[in-house]
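Working notes, beginning with the structure itself.
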Number of protein chains: 2
Amino acid sequence: MHAEVVIRALSALAQEHRLAAFRLLVQAGEEGIAAGVLAEKLEVPASSMSFHLAQLANAGLVSQRRESRSIIYSADYSAMNGLMDYLTENCCGGIPCGEDAACNTEAKRRTA
Amino acid sequence: MHAEVVIRALSALAQEHRLAAFRLLVQAGEEGIAAGVLAEKLEVPASSMSFHLAQLANAGLVSQRRESRSIIYSADYSAMNGLMDYLTENCCGGIPCGEDAACNTEAKRRTA
DNA sequence: TCGATATTTCCATAGTTATCGAATCATCGG
DNA sequence: CCGATGATTCGATAACTATGGAAATATCGA
């Protein structure tokens, strides 16, 4: 993953509504969530939501599919993992991920 | 870690020069790097570098100390781990960190 | 104290991003 | 085909971010 792509992903997530939308999409899993539903849940006008979803899509963090009149968005886990990979490798250098750092703490907490 | 803080950290990293600076600081470890050295390495005017470092500091990702005439910046690993924590917990939900996801892949690669 | 060095603050400016109503496009049911 | 529904695109505007030179601040050595 190049720095340029990483920056686009970070920029995409660095916004209140987009971070919130992405969290919901991650929770929703494969099934995804329609644009209108996201707009309603986040109390954002449809055109604004569309703008934000386009940013997330442009960053490769979400994919979309049409289902009748709705457009369903879903999180792209591999893109997110690519981002985590980059951050772990380049920005967590001093405290590698296998000891007491974030990722592992989470992993343990999760399986506990 | 609240969403607000997370967004500030993501915004801070979502910029070419700041991401590059932070990577260097992570590599440098406790010792840190002086503002002027960073400016020179990244080929950015001193005042611009100062601006970017202020953003990183504001996000809590770096700390600074004066050492004679220089101001030495160093990465705050715990803040970065806090960010990783949040992302793992909120944005990697579907594929928890203990299986094939980024963090663990990294951890294994690192200790191998 | 003076001059040099390291950095930040100030300021103007250019560029980018967010917002949201209105217009447009796509799909469906009848 | 028509009206309704779900979504995007357009366009204007406001807000924020990045840039970099000049001035100000802090520290040092002599």
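Throughout, a chain's letter reflects where its sequence line sits, starting with A, and its residues are numbered from 1. Heavy atoms only: backbone and side chains are in, while hydrogens, waters and symmetry mates are out.
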Find the distance B:Ile71:CD1 to D:dT27:P and express it as a whole number of Å.
9 Å
Name the closest nucleotide to the B:Gln64 side chain, picking from C:dC28, C:dT8, D:dT8.
C:dT8
Looking only at non-hydrogen atoms, find the nearest pair between B:Met80 and A:Cys91 and report the distance.
CG-O, 3.3 Å
Please list, in numerical order, the residues of residues 34-62 of chain B that have a heavy atom closer than 4.0 Å to any atom of DNA chain D.
B:Pro45, B:Ser47, B:Ser48, B:Phe51, B:His52, B:Gln55
Does A:Val44 share a hydrophobic cluster with A:Val62, counting links as ILVMFWY side-chain heavy atoms below 4.5 Å and allowing steps through other members?
yes
Taking the side chain as every heavy atom from C-beta outward, state whether B:Asn90 and A:Val26 have any pair of such atoms under 4.5 Å apart.
no
Can you sort out which residues in residues 9-24 of chain B have a heavy atom within less than 4.0 Å of DNA chain D? Ascending by number, please.
B:Gln15, B:His17, B:Arg18
Would you name the heavy atoms of B:Glu30 and B:Ser74 that are closest together and state the gap between them?
O-CB, 4.1 Å
From the candidates C:dC28, D:dG29, D:dA7, the one with an atom nearest any side-chain atom of B:Arg69 is D:dG29
Are B:Leu53 and B:Leu13 connected in the hydrophobic side-chain network, where two residues link if heavy atoms are under 4.5 Å apart?
yes
Which atom names give the shortest non-hydrogen contact between A:Ala21 and A:Met49, and what distance separates them?
CB-CE, 3.9 Å
Nearest whole angstrom, please: distance from the C1' of C:dT27 to the CD1 of A:Ile72.
13 Å
Can you find a side chain N or O atom of A:Tyr73 that sits less than 4.0 Å from OP1 or OP2 on D:dG6?
no
B:Ser48 side chain reached by B:His17 side chain, heavy atoms, under 4.5 Å
no
Among the nucleotides C:dT7, D:dA26, D:dC28, which one has an atom lying closest to any side-chain atom of B:Arg66?
D:dA26
Do B:Leu25 and B:Leu38 have side chains that get closer than 4.5 Å, going by heavy atoms?
yes
